[in-house]
Structure formats: C-alpha cells, structure tokens
Amino acid sequence: MNAPLPTARHARPCPTRRPGSQRGMAVIGALVVVAAAAIVAAAILERQALLVDTLTVERDRTDAEWILRGGLDWSRVILLNDARRNAVTRKNAVWAQPIVGLEIATPDGMRTAYFSGQIEDEQGKYNIWRLAEQGVVRPRELAVLRHLLATLGMQASLARAVADRVAESQGGPGHPQAAPGLRTLADLAGLDGMSAEIMATLSGYLTVLPQKTPINVNTASAEVLSAGLPGLELAHARELAGQRDRGQWFNSGDDFFRRLGKPAAPGGHPISVRSEWFRVTGQVSIHDTPVTMQALLHRQGDDPPAIRWLGG
C-alpha cells in the first residue's frame, strides 16, 4: 500500500511596504538632510558675520589710531608756533582751546569719524616728582602737598602715602628702587585712600613729570599757587588768578611778586611764566567705537616738542 505523499506547505508572502509609507520616510530623510545643511550653513554665516565684525572693528581702530597720530602731530605744530610767537605760556592761547566732536572723514574717505582732544599745561599743576629726591622724601615738598590736599578738602594723610610711593619709584644711594616708576597719576591706584573719585579730582592739580619743574603762574590754579608759595592765602591767590584770567598775564616772575605785594619767600616753590611740558589727550569714535590716546610732550627751544611717552 503506498504511503501518503507529504503535503506541501504554502510559503507566506514577504511583507511589502506600502507606497505611501515609503514616500513618508523619504520625505523625513530629506527634511533631516535639509535641516542639517541649514544648521551648518547658519553656523558658517555666523562665523563669517563674526569675522566681518571683527575685521570692521579692527579697521575702525586702525583708522582711529592714524587720526589720533595726526592730531598729535598737529598738537606739536601748535605748541611750536606758540613758543615762537609768545614769550609767555597763557591759558587763552590757541593750544589751550579744546576740540569737541569735530567731524572728519576716515583715511579711505568712506566713513565719518568724530575727534575730540585737548592740550593741558602740566606745569600749571604740582609735580609730585618733587616730593622725593634719590629715594628720600623731602619734608618741605610734603608740606606743600598736605596744604594742597587740605585746600581741596582731602585727608592730609594721603600726602605721605603719595610721597612714599614717589620715593620708592626713584631709588638712590642706600635706597634701592622698590617700586615701578611713575608715569601718570593712574600709577598711584591702590594707595590707601586713593579712590577713583579722588584721583579724578587730583588730575586737575597734580602731575608726574620726569624732572623738577617750576609752577607756571599764568596757568596754575589758585589752589596750587597758594600751596606752593608760603604766606599766599587762598583768597589772595584767587584774586590774582582772576585778574590773570581776565587778561592781565604775568610777564615774568618779578612781575608776579610785584603784583603779589611781597618778595619771594625763601623756600617757596620755583615759579615761571613759560611752560615746557604738556599733556595731549585725544579720542576718536567711528561707528560708536571710541579709541583714546594720551601723550606727554616736552617743548624745548625752537625744536618741535618731543614725545616723552605715548599711551592709550
């Protein structure tokens, strides 16, 4: 008897994706690719924009620095002409007139810059370099600074801190230099009692010059004159300064003491009617990017003033 033949199993058909589902996956994949490309493109554009901004700022800064150097050269010419034309240094001279918001073109002629600047007679201020000599504080000059600070309503104890700092920056026989040299009043930051507000006030009355200098009685404030000249009361100093500023300039030291009504007191601060040291400050703004520059100029004889230091 024949065995029954095995029955054949029916193979299951392979599952197939629906055409609609395949199209959906393709769309999603394309969207993912597009999104990734958009992110990469945005990142590239952001970097390019940042690079453009950086290059623009650097270009503006470079142009501003060139304009400031031009302003500095102009200041040197103005001071040289003043020395040749005027026997005395006065506050109403051309050099003393500040410039505020002068509109000028950039070197490429494509943009507008705004320039402000001024020249200050540093010999119209008290030179703190006189406070010490070869690293030793000078008591007489310390008394001058204490007097000046008291007149300005500041603590006299600050005078000793400033004098010690000057002495430490000088050094001398038996007194090695113990602190960095001083260039501006900003180098006094950190002294006890020397706040930013006090330093800003003192900038109109104190200076740092690399050698002993006389006070110019034609440009000094009444406070500086009263502190530097023994026996000169502040009220009398203000009266003399008022007359001077109304056009009655001092022609010489003898003229000053004659109008003062008393001879020069021994031990008083040396005076002058002509200045050799000036500070130039300038600022240029291009696209709201301000750039500043400061310089100390030394004027001697008929030579253009020399730049003793230059900073931002």
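None of these values were measured; they are calculated from a predicted model.
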If we count only N and O atoms by modelled type, under 3.5 Å, do the side chains of Asp121 and Ser275 hold a donor and an acceptor together?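 Ser275 and Asp121 do have a side-chain donor-acceptor pair below 3.5 Å.
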Could you tell me if Arg299 and Thr89 have a donor-acceptor pair between their side chains, going purely by distance under 3.5 Å?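 Yes, side-chain donor-acceptor contact under 3.5 Å.
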Give me the atom names and distance for the closest heavy-atom approach of [X] to [Y].
{"X": "Arg76", "Y": "Pro304", "value": "NH2-CB, 3.9 Å"}
{"X": "Pro270", "Y": "Arg130", "value": "CD-NH2, 3.7 Å"}
{"X": "Asp187", "Y": "Arg183", "value": "OD2-N, 2.7 Å"}
{"X": "Arg90", "Y": "Trp95", "value": "O-CZ2, 3.2 Å"}
{"X": "Arg146", "Y": "Ala159", "value": "CG-CB, 3.5 Å"}
{"X": "Gly253", "Y": "Val273", "value": "N-CG1, 4.2 Å"}

Return yes when atom CH2 of Trp66 has more than 12 non-hydrogen atoms of other residues, nucleotides or ligands closer than 6.0 Å, and no otherwise.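 Incorrect, the count does not exceed 12.
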So for atom CD, which belongs to Glu233, do other residues, nucleotides or ligands contribute more than 12 heavy atoms lying within a distance under 6.0 Å?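 No, the 6.0 Å shell around CD holds no more than 12 heavy atoms from other groups.
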Verify the cluster assignment for [X] and [Y]: are they in a single hydrophobic cluster under the rule of side-chain heavy atoms below 4.5 Å apart?
{"X": "Ile99", "Y": "Leu79", "result": "yes"}
{"X": "Val162", "Y": "Leu206", "result": "yes"}
{"X": "Leu209", "Y": "Leu145", "result": "no"}
{"X": "Leu234", "Y": "Tyr205", "result": "no"}
{"X": "Leu296", "Y": "Ile215", "result": "no"}

Without swapping roles, check the side chain of [X] against the backbone of [Y] for a donor-acceptor pair under 3.5 Å.
{"X": "Gln134", "Y": "Pro173", "answer": "no"}
{"X": "Lys125", "Y": "Ser203", "answer": "yes"}
{"X": "Arg274", "Y": "Ala87", "answer": "yes"}
{"X": "Gln294", "Y": "Arg279", "answer": "no"}

Could you go step by step and tell me if Leu131 and Tyr126 meet the side-chain contact (heavy atoms from CB on, under 4.5 Å) rule? CA-CA 10 Å; Leu131 287 168; Tyr126 176 73; 3.5 Å; yes
Going by heavy atoms in the side chains, are [X] and [Y] under 4.5 Å from each other?
{"X": "Leu80", "Y": "Pro305", "result": "yes"}
{"X": "Phe278", "Y": "Ile78", "result": "no"}
{"X": "Ser169", "Y": "Trp129", "result": "yes"}
{"X": "Leu188", "Y": "Leu182", "result": "yes"}
{"X": "Leu229", "Y": "Ile271", "result": "yes"}
{"X": "Leu202", "Y": "Leu152", "result": "yes"}
{"X": "Glu141", "Y": "His269", "result": "yes"}
{"X": "Thr281", "Y": "Thr292", "result": "no"}

Using the side-chain contact (heavy atoms from CB on, under 4.5 Å) rule, take Thr207 and Glu120 through it: C-alpha gap first, then chi angles, then the decisive distance, then the call. CA-CA 11 Å; Thr207 186; Glu120 298 177 79; over 6 Å; no
Roughly how far, to the nearest 0.5 Å, is [atom2] of [Y] from [atom1] of [X]?
{"X": "Leu260", "Y": "Asp254", "atom1": "CG", "atom2": "CG", "value": "12.0 Å"}
{"X": "Trp309", "Y": "Thr184", "atom1": "CH2", "atom2": "OG1", "value": "6.0 Å"}
{"X": "Ile198", "Y": "Gln155", "atom1": "CD1", "atom2": "CD", "value": "7.0 Å"}
{"X": "Arg259", "Y": "Arg244", "atom1": "CZ", "atom2": "CZ", "value": "10.0 Å"}
{"X": "Asn216", "Y": "Phe250", "atom1": "CG", "atom2": "CZ", "value": "10.0 Å"}
{"X": "His287", "Y": "Thr106", "atom1": "NE2", "atom2": "OG1", "value": "8.5 Å"}

Using salt bridge (Lys or Arg N to Asp or Glu O under 4.0 Å) as the criterion, list what pairs up with Lys212, not counting sequence neighbours.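 Testing Lys212 for salt bridge (Lys or Arg N to Asp or Glu O under 4.0 Å), a comparison that skips the adjacent residues, returns Glu133.
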May I ask you to decide if the ring planes of His298 and Trp277 are parallel, tilted or perpendicular, using 30° and 60° as cut-offs?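 Correct class here is parallel.
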With side-chain contact (heavy atoms from CB on, under 4.5 Å) as the criterion, how do Leu297 and Leu72 come out once you've worked through the C-alpha distance, each side chain's angles and the decisive distance to 0.1 Å? CA-CA 10 Å; Leu297 302 182; Leu72 180 59; 4.0 Å; yes
Answer yes or no: is there an ion pair linking Glu168 with Arg165, defined by an N-O contact shorter than 4.0 Å?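 No, no charged N to carboxylate O under 4.0 Å.
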Does the side-chain contact (heavy atoms from CB on, under 4.5 Å) test come out yes or no for Leu225 and Leu240, once each step is laid out? CA-CA 10 Å; Leu225 291 174; Leu240 286 173; 5.7 Å; no
